[in-house]
Structures are given as structure tokens and as C-alpha cells.
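Below, each value reflects all heavy atoms present in this structure, side chains not excepted, and no hydrogens, waters or symmetry copies.
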Amino acid sequence: MKVTDLYIPTLREVPADARLVSHRLLLRGGFIRMVCAGVFSYLPLGLRVLRKIENIVREEMNRAGAIEVLLPALSPGDLWKQTGRWWSFQPPPLKLKDGAGRDFLLGPTHEEIMTDLAAQDLRSYRQLPFTLYQIQAKFRDELRPRGGLIRAREFIMKDAYSFDADRASLDRSYQAMYDGYVRIFERLSLPTVICEASAGSMGGHDTKEFMLVCDEGEDTLFLCDKCDYTANAECAQSHRPEPTHVKDQLGERDLVETPNARTVEEVCELLGATPDQLVKTLLFVADGKYVAALIRGDRELNETKLAGHLAATELRMANESEIEEVTGAPLGFTGPVGLPTHVRIVADHDIAAMHDFVVGANQADAHFVAVDVGQDFEVAEYADIRIAMEGDPCPRCEDGLLMTKRGIELAHVFKLGQKYAEDLGCVFADEEGKEVVTTMGCYGVGVSRIMSALVEQYADENGIRWPLAAAPYEATILLLDNEPDLAAIADRLCADLVAAGFEAVIDDRDERPGVKFKDADLVGYPLRLVIGKRTKGEGTVEVRRRKDQEERVVPVAEVVAAARELAAGA
RNA sequence: CGGGGCGUGGCGCAGUUUGGUUAGCGCGUUAGACUGGGGGUCUAAAGGCCGCCGGUUCGAGUCCGGCCGCCCCGACCA
């Protein structure tokens, strides 16, 4: 293949709007173009990379026993209304109406359609288990698309769904996918960490995310510095603090005036206290009931954890009028002392270790000081409801501390259970002829996101350094002088390489050598062969590995062997 | 959705504060010449509803209003 027959529009200058390395290099290297914010076209090289990634994913899915299908991106609103996610999915999907006013959405995920599909044909336990997958465009109505391919509104994803008769069978299906994912990332040379996660809008459990640790990542990971505990920010556990001894002499609770001091900072400044001496009381509405969440003043509440603890399907912060109604005080002065008894109090573990603290007084412009649990109010429930912080003790091992890193989520696996199957009537007859609801799992891989993750992981100052498995072409032959003898050598070499199983191109453009070298580095071919004056003079060809500049200068006849040797380490 | 920035040939930018001939520069493109191992040089040329709509004015890229788009920070989140 000749570069002059391809479409590789490289850019010398960096488009001003691209900030991330991956976005810039994919643009400059002629892999992608932006259509509008978060929507991209794939050019020939980008498409080739995408196909490489897809095929690795496909091969590993097939190896794991999954079966490929293709579902529509356009999804009828009715199915989503049956599961309730028409209203509850966060962020809201891209919804649209057809000419007759019927509701549709562009699928951000396919539990509904896939479950409905299975429900139509599933009759007997004998048909189970099976796992279906597809590789297809997904849509998200991102509030703010950014970072090129990393957070797009339209993106390519592989999603698989397993259907099993029971939990034990689901566990096996899940494990097969999990193992497949480990293989996928090994083949792609992406060193992922597998972290505990929460299922968010999907619902489910045993959620794991495969993350690439990367400073440009949008997710925060918590990793233990001693053991292998890894979790995302939403579900990293906060270790229970050592309870401090109860003081012999408890101070008397005292009401102090705190005019206009609504925030922790304002109260601290006024009272000369530090945030860790305050208890914040946050009022929530969980499935229609009031809940007061107590958090140490210098900590932040984790709504996911709170919702999990309450087993609430809908959780939101109370608004100002609800706060006034329940506490009798405006926003900013809520406290646990004297709350109506119907308000359920949930305190973070930190609270158990606190004494002599400050709380809102449930009256305007006032706080209580010298407050203690047991003395001034009761806490029936302690739970881990705060966001983990760097330096927290590891919840898993004895003396580890949690540290944070940034990461890009590349894949996730989780067990859905029976929710979707139940809502959509995906049932089968068991051995005794009884109707049983199918047990499901869901497994996603961000195919297009992997493309940019690879660039983030492997770029250097000159361009991309694709791993062999994902490179658009494995080798480029730079024909520095287009005279017939050398061109003939290039043609033959290219044919030899192809015969040896390499995907190779010849850069036969009428460009100066410098341009070809720069472009070769930018596009990131793992192997670069140079045919130029040395070939003419000494009959040798330079074969160089992009990754580490390792180079062999060999006679034409030995080029394929040298390429093989260098490719082995690419 | 809040805060900030930007929108001028394909790309990167200047010009806008202080309205006034023909809107510049670099890169790229086209033609030619020289050149030929890390984005070379010279000559000539093409290419612009200055994001859109409206307003002020004798006159608007420049001032005013509205809208649209893009980027960054935040909020939200797989």
C-alpha cells in the first residue's frame, strides 16, 4: 500500500481547541476529525485502529463464549418506560420524537432492548445460559463533552449481557467476561487496575471497573499503598475511626448566637473552631421520607453510599422550604438536636469518635456548642456515608493508607440480577415447569475511548507510539528518493513484509525526508524502514522501532528478519 | 446549568481598546526553479458572507443588542 493512495491528512499545527495529548495527536495524525462538540468522524487510520481494538475485543468475547448481535441505536421510549429508566437514567439520555410524536431515545446502553430480545425467545432453562454482545455506537447527552474521544457524546462501545438461570450460573458467566477483559487489556498493552465501583444508573452489584491510571483521567481512584485494595471515589470505603474514650466530664450544651453563619467556614470563623469540631447535618428526602445525614465538618457526604445504606431508590437533598418545615430553621442551621422523631438520623462513623462538638441549633442564627452523642441526641445508625479521602486508613488491610490517582474508565463488569428481566418479562420454565425470572449481568468496554487511552499512555513529544496490536499499520517504508531503483526496492520490501504477515505502507510522497520522518513519528507506526542513500550506496536499509528507537541497519535481504526481531519487542 | 475565554482564507494568529482607503502575517495549497536523511529556499498565484441576525453611523472586523458555535474551570456523571 502506498501513502499516496491513502487518505492521511496530517496537520503540522495543533488545532487550538484540542487540549489533551490524545485529542491533539489523533487530530494531527489524521485519525479523527471533530464534527461538533463530542462527535467525531473516523478517518481511514482512525478506523483501522478502531477495527484493531474491536477485533481484539470480539475475539476475546467469542473465546469467552459470548455471541455477537447488533441492536439498533434508536430505542423506543416504551421499553425504557417499562423499566422506569426513561425518567431515572442519569444523565438523561438523548431523547427525540418521531413525526407522529412517539418517544424515542438514542441508546446510552442496551439493557432494555437486549432483555426484551431475550424475553421474546426464551422459554426453557435448557436454553440457558447465554451471553450476547454487540459493538456499536452509544449516545450520551453529556452536559459538557470534553477531552476529545475520552468523553464524547457519540462513542463506540462493546456491551455484553449474560442470561442465566440462577446466581451460581451468573457467577460463572461474570467470571468468563472478567477473564476476557483481563486478556483484552493484556493484548492491548494497557496496564489497567481493576477497582471496586458502584453501578450508578444501571443498578446491580459486584461492579468492577477496569481503569487506566492516567493524570488526564476524569475519575479518582483510591489505592492502598500496602495491599491491592482499589476503588473508585464513589465507593471507596472509609475505615471506622478508633473510638475515642468518653470524657468523664461532659460539658453542658450551650446555645450560641451565630448570625448569618450558614457554612462550616463561617461558623468556624465566628466561634474560633476548626471544621473537624463541627458536625454538618444534611437533610435528605429518601423515597419520600426525611433523613438527616451527619458528617464531620471537614468531610463530604457521599450520596451513593447514603443511598446504598438506606436502600433508597430515590434520594435527593431537601430544598429550603422542606428544611424550614422540618427543622423550623432556615438553611444553614440544621442540627440533630431536637429534630422531629420521624426524621431518621444516619451518622457517619466519624461522629462516633467525636465529643464536644458544634451543631446547628434548628433555629435561625444559632448553633449549639459542647454537644455530645448520647447526651444531647441519639444516633441509632452509624454508617460509612462520607467520601473517602487521601490518607484514610485502608478498609482492607491493617496498616495501609489510601492514596488517590486519576484514571480513565475503560471497561466495567457487573451483575444486574433480575431487575430488567422482571420489568420486561424475561422468564423461563425451570426443570419443574415453574416460571423463573432470568438473572442477568452486564459488561461494557469503551472501544473508542481505548483508542485515546492508548495515545495518552504511549505518546511522546514527537507523536504516537502505538503498540503493535493497535497500530493502523505496523510498518512504514520511507522512500526518501523516488528514483526507479529505490522505488523498486521499496515495492519488493513492502511485498516481502506483507508476505511475512506485516501490514506495511510505503511513503512515496514527493516530500522532503524531514516531512516523512516527522509524519512517521506523528502517526506512530511501530516500525520504520528507511530507503535512501545508504540503500543506494551500501545496499542497506534502516529498520527502526518507534517505541525505543532501537535500530538495525541490514542488507535488503535481511530486512524481514530484522523487522520480525524488532516487532517482537514492540 | 453557573463563571471565564474565544469565533478573522484549510490550520495557527494579528488587527477590535481609539469606527475611516485595497483586512494583514506565518504555515499549508497551486505553478515553476533550485534542493534532497528530521517540517528547506526563492519567485509567482489562488483562497476571506471578518460566526449569524438586527441596530447605531455618512461609514462597522472594530460600537450596541440578541442568537449560535467552540474551549477552559465548576456543578453533574458512566
Between N or O atoms, less than 3.5 Å apart, protein on one side and nucleotides 8-11 of chain B on the other: list the pairs.
{"from": "rC11(B)", "atom 1": "O2", "to": "E13(A)", "atom 2": "OE2", "distance (Å)": "3.4"}

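- RNA chain B is contacted by D521(A), R528(A), V530(A), G532(A) of residues 521-532 of chain A, taking any non-hydrogen atom closer than 4.0 Å.
- Counting only heavy atoms from C-beta on, P513(A) has its side chain closest to rG36(B) among rG36(B), rC70(B), rU35(B).
- Note on R33(A): nothing from the nucleic acid sits closer than 4.0 angstrom, heavy atoms only.
- Among residues two or more places apart in sequence or in another chain, the side chain to side chain contact (heavy atoms under 4.5 Å, CB included) test is passed with V39(A) by V35(A), C36(A), R153(A), E154(A).
- Taking each heavy atom of I156(A) and S448(A) in turn, the nearest pair found is N-OG, 2.9 Å.
- Between the side chains of Y458(A) and R546(A), no donor N or O sits under 3.5 Å from an acceptor N or O.
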Check: residues 475-482 of chain A side-chain donor-acceptor pairs under 3.5 Å, at least two apart:
{"from": "D481(A)", "atom 1": "OD1", "to": "E483(A)", "atom 2": "N", "distance (Å)": "3.2"}
{"from": "N482(A)", "atom 1": "ND2", "to": "D508(A)", "atom 2": "O", "distance (Å)": "3.3"}

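- In this structure, rC11(B) forms a base pair with rG26(B), meeting either the Watson-Crick or the G-U wobble geometry with both donor-acceptor distances under 3.5 Å.
- Using a 4.0 Å heavy-atom cutoff across all strands shown, E542(A) reaches at least one base atom of the nucleic acid.
- Sorted by first and then second residue, the side chain to side chain donor-acceptor pair (under 3.5 Å) pairs with a member in residues 512-521 of chain A read T10(A)-D519(A), R509(A)-D519(A); sequence neighbours excluded.
- A pairwise comparison of heavy atoms in R552(A) and E550(A) identifies NH1-OE2, 2.8 Å as the closest pair.
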Polar pairs (N or O, both sides) under 3.5 Å between protein and nucleotides 28-33 of chain B?
{"from": "rG28(B)", "atom 1": "OP1", "to": "R12(A)", "atom 2": "NH2", "distance (Å)": "3.3"}

